[in-house]
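This report refers to the structure that appears directly beneath it.
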2 protein chains.
Amino acid sequence: MNLKELSQSLGLSQTTVSRALNGYPEVSPATRRRVEEAANAFNYHPSTRAKGLATGQALAIGHVIPLSSKHEMVNPIFGDFIAGAGETYSRHGYEMILSIVADADERQIYQGLKSRRAVDGVIVHGPRMDDPRIGLLNNLGLPFAVHGRASGYDQPYAWLDVNNRSAFQRATDFLFDLGHVRIALINGLEVMDFAHRRREGYSASLLAHNTPVDPALMRSGEMTEVFGYHSTRDMLESNNAPTAILCSSLISALGVRRAIEEKGLVMGKDVSVVTHDDALSYLQNGGDVPIFTATRSSVRDAGRKLAEMLLAAIADPTLPPQQHLLEAELMVGFSTGPAPRKD
Amino acid sequence: MNLKELSQSLGLSQTTVSRALNGYPEVSPATRRRVEEAANAFNYHPSTRAKGLATGQALAIGHVIPLSSKHEMVNPIFGDFIAGAGETYSRHGYEMILSIVADADERQIYQGLKSRRAVDGVIVHGPRMDDPRIGLLNNLGLPFAVHGRASGYDQPYAWLDVNNRSAFQRATDFLFDLGHVRIALINGLEVMDFAHRRREGYSASLLAHNTPVDPALMRSGEMTEVFGYHSTRDMLESNNAPTAILCSSLISALGVRRAIEEKGLVMGKDVSVVTHDDALSYLQNGGDVPIFTATRSSVRDAGRKLAEMLLAAIADPTLPPQQHLLEAELMVGFSTGPAPRKD
DNA sequence: TCATCTTCCCAAAGCGCTTTGGATTTCACT
DNA sequence: AGTGAAATCCAAAGCGCTTTGGGAAGATGA
């Protein structure tokens, strides 16, 4: 069923039917009702393609997921973020189109999306330090919004980010307050902007507490369970082991816990752990009282909000780019406690 | 830059340029070269929208992700599956469009996708027992392929599935061979088809070994870490605790391990564990030698293959629906060992 | 040399929608 | 009754592409 057939069956012109369906005023209430009922009865939906051609809009948002060619990692965060964004899109009648793409091709992909007029805007995932994509997109003139930020690029652009720096500074402060001094950081890859900022927060707190930054207490890598485990085991075996560990991901934190327990130590007593928690739906941090003390910020919420921001920017391109900094909550769980006294 | 402009700048008709670019034979090699170079220089890409309108193809595949309204779970598998499928799509010039959708709206979504001619086919995720979507799609006449199967629907349709039944039967057999008799199953939600089949495999092995099925040894739920932990703790506290546990997800298996170790037991010695491992990129099961003995099958591969199948079906609709049953490998790791002797 | 194929290219129609620029009817008001 | 405005509706153009149905030139064979 297409417009032509529908309008013929109603004895009206395509113009009138189109207008009736799109809420234009030049059509009588009675006719509009009649049209709407028929459209419903025939289960008529306008072709996105044709509509897009006629209006010049795509009614679609692109998500470009970089798949670093070296480490074929899909970000575990991704599913929840997408779920949040998807909600927003369907509420606004937009579609989400996804491109999984090797790092190298990204430039082409953006240009392709733009010149094929496939999307009205894009979401940028996983920004790195000095990420070249942002400059590229600004030049392309394709509306975009970034999940995170890219240190080193100073033109304004739309982003939404967790305040990673303050979250990790606060978490470190919290551990200092508990009496810990040797505090380790098990971080994500520090080319990633978020990981860089977390380290800054950590370092700032150390500095504020007159504690030297000890490279032996810092790890950076792909945030798997095994990575958390190995890092922790290594550090606990040194003769100057940490009494507290800051961890960038709940998945790695599971490995951290394993290493601690394997050594016969008790988490929250012998070694305290604070982790960042993205509130992923399939990885809940315990029940009402969290297992891990955590800096918490819902990635799904972030998806929802960032999508709103992008749609708003598309609706009114004259608006200055929005920026949103979310503060993570510090939730105290069972994994932290006072620093053990030296006997 | 559009076709018209490009052809004008070349002094050719749109017809010729279009044909040159699409590999039709009615154009001289010299002209084709000239056209291709110009297209490249101007970074010309045909509008997907217009192309789709003209050809009647969408050049897009829809993925509809059900988000059960009760438990707002995003399947952790999802990211990796999508990554695999995305690879295939971009290789074939297709786009992937994603709809995150509450269970109730699914029917509408499929009809909408069909009548808006937004996609050439869809992938069905997370089939449940007697899943109504399959019948619906067969009636709609929208090409589709299912990741998994739906017991209870007996018309032929295209699917790709891991042989969950044989995998879990084999894993259970393996534990029997090691001398275990009290073998527990920590399964996913058994409305999900895959979980149902896994239980069948488990039960079949018990039956073959003349061992009664004990409901006290079976758990079914959302496969989180905490679920694995609680289930295991409960069972280990009973006076007739299992000596081996079969687990449906690596995430839950982490919780299983935690419960075992918390009780002062050693995994692989006091309690053996076999888990299913979807080979998720962010959740690796150890290094060369896996930590967990596991039935292993890559979800990303599944994505790749299922996408191929769907594209093939779209390319030639007369083909009978393909079915693919993947066998999981049983990888022996450190988490299994002979049953402890009763002292 | 003329008729007949090939080869290479083009004009125009059509995909399903929106939107512009009227045309017709109705109505209120002089 | 006559007039202008308001209310409804419509025909046709246009979005950017593919594809049908030729047509002009050059190559081939008798």
Side-chain angles (χ1 to χ4, degrees), chain A residues 1-36 38-39 42-60 93-95 111-120, chain B residues 1-36 38-39 42-60 93-95 112-120 315:
Chain A
M1 172 66 60
N2 59 22
L3 227 212
K4 193 173 172 187
E5 291 163 15
L6 180 62
S7 55
Q8 278 172 355
S9 87
L10 280 163
L12 288 171
S13 74
Q14 297 191 36
T15 310
T16 303
V17 176
S18 168
R19 285 187 160 152
L21 257 22
N22 289 313
Y24 283 78
E26 308 93 329
V27 52
S28 73
T31 311
R32 190 186 305 273
R33 262 266 289 291
R34 208 159 64 88
V35 171
E36 278 167 353
F42 291 127
N43 197 16
Y44 166 79
H45 292 263
S47 146
T48 332
R49 221 159 301 291
K51 191 164 190 158
L53 233 205
T55 59
Q57 289 214 302
L59 290 180
Y94 272 69
E95 255 146 26
Q111 287 186 336
L113 285 176
K114 158 96 182 180
S115 62
R116 276 166 19 219
R117 277 132 284 174
V119 300
D120 295 323
Chain B
M1 170 68 58
N2 58 22
L3 226 212
K4 192 172 173 187
E5 291 163 15
L6 179 62
S7 55
Q8 278 171 354
S9 88
L10 279 162
L12 288 170
S13 74
Q14 297 190 37
T15 310
T16 304
V17 175
S18 168
R19 286 186 158 151
L21 258 22
N22 289 313
Y24 283 78
E26 308 93 328
V27 52
S28 72
T31 310
R32 190 185 305 272
R33 262 265 291 291
R34 209 159 64 89
V35 171
E36 278 166 352
F42 291 126
N43 196 17
Y44 166 78
H45 293 263
S47 147
T48 331
R49 223 158 301 289
K51 191 164 189 158
L53 232 205
T55 59
Q57 291 214 302
L59 289 179
Y94 272 69
E95 256 147 24
L113 285 176
K114 158 96 182 183
S115 62
R116 276 165 20 218
R117 277 133 285 177
V119 300
D120 295 323

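In this text the structure is predicted, and so the values were computed from the model without any measurement. Residue numbers begin at 1 in each chain, while the letters A, B, ... track the order of the sequences.
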Inset, instruction - Indicate whether OP1 or OP2 belonging to D/dC15 is found under 4.0 Å from a side-chain N or O atom of B/S47. - result: no
Inset, instruction - Identify which nucleotide among C/dT19, C/dG16, D/dG16 has an atom closest to any side-chain atom of B/A50, counting heavy atoms from C-beta outward. - result: D/dG16
Inset, instruction - Whole angstrom is fine here: how far is it from CD in B/Q57 over to P in D/dC17? - result: 17 Å
Inset, instruction - Answer whether the closest heavy-atom distance between the side chains of B/V119 and A/E95 falls below 4.5 Å. - result: no
Legend entry - Rounded distance (Å) that lies between atom C1' of D/dG16 and atom CG of B/N22: 13 Å
Legend entry - Distance test, side-chain N/O of A/T15 to OP1/OP2 of D/dA11, below 4.0 Å: no
Inset, instruction - Measure from the side chain of A/Y44, starting at C-beta and using heavy atoms only, and say which of C/dT18, C/dC17, D/dC17 lies closest. - result: C/dC17
Legend entry - Candidates D/dC17, C/dC9, C/dC15 - which lies nearest the side chain of B/L53: C/dC15
Inset, instruction - Please state whether the phosphate of C/dC15, meaning OP1 or OP2, lies under 4.0 angstrom from any side-chain nitrogen or oxygen of A/N2. - result: no
Inset, instruction - Compare all side-chain heavy atoms of B/R116 with those of B/L113 and state whether any distance is below 4.5 angstrom. - result: yes
Legend entry - Value in whole Å for how far the P atom of C/dT18 lies from CG of A/L6: 11 Å
Legend entry - Nearest-Å distance for atom pair CD/P, residues A/E26 and C/dT19: 11 Å
Legend entry - Side chain of A/V27 - closest among D/dC9, C/dC9, C/dG16: D/dC9
Legend entry - Nucleotide nearest A/A54 when distance is taken to its side chain, options D/dG16, C/dG16, D/dA11: C/dG16
Inset, instruction - Using atom CD of B/Q14 as one end and atom C1' of D/dT18 as the other, report the distance to the nearest whole Å. - result: 10 Å
Inset, instruction - For B/K114 and C/dG16, give me the distance from atom NZ to atom P, rounded to whole Å. - result: 14 Å
Inset, instruction - Heavy atoms only: give me the nearest B/R32-B/V27 pair and the separation to one decimal. - result: NH2-CG1, 3.0 Å
Inset, instruction - Would you indicate which nucleotide in D/dT18, D/dC9, D/dC17 comes nearest to any side-chain atom of B/T55? - result: D/dT18
Inset, instruction - With the side chain counted from C-beta on, respond yes when A/S47 and A/N2 share a heavy-atom pair under 4.5 Å apart, and no when they do not. - result: no
Inset, instruction - Would you mind telling me which of C/dG16, C/dC9, D/dG16 lies closest to the side-chain atoms of B/T16? - result: C/dC9
Legend entry - OP1 or OP2 of C/dT19 under 4.0 Å from side-chain N/O of A/Y24: yes
Legend entry - Donor-acceptor pair, side chain of A/D120 and main chain of A/Q57, under 3.5 angstrom: no
Legend entry - Nearest to side-chain heavy atoms of A/R19, which nucleotide of C/dG21, C/dC8, C/dC17: C/dG21
Inset, instruction - Using heavy atoms to find the nearest nucleotide of DNA chain C for B/G11 and A/R49 separately, return the residue whose nucleotide is more 5′. - result: B/G11
Inset, instruction - Mind calculating the distance between CG (A/L59) and P (C/dC17) to the nearest angstrom? - result: 14 Å
Legend entry - N or O in side chain of B/K4 less than 4.0 angstrom from D/dC17 OP1/OP2: no
Legend entry - D/dT18 OP1/OP2 closer than 4.0 Å to side-chain N/O of B/S18: yes
Legend entry - A/L3 CG - C/dT18 C1' separation (whole Å): 9 Å
Inset, instruction - Report yes if a side-chain nitrogen or oxygen of B/K51 is closer than 4.0 Å to either non-bridging phosphate oxygen (OP1 or OP2) of D/dG16; otherwise report no. - result: no
Legend entry - B/M1 side chain near B/N43 side chain, heavy-atom distance below 4.5 Å: no
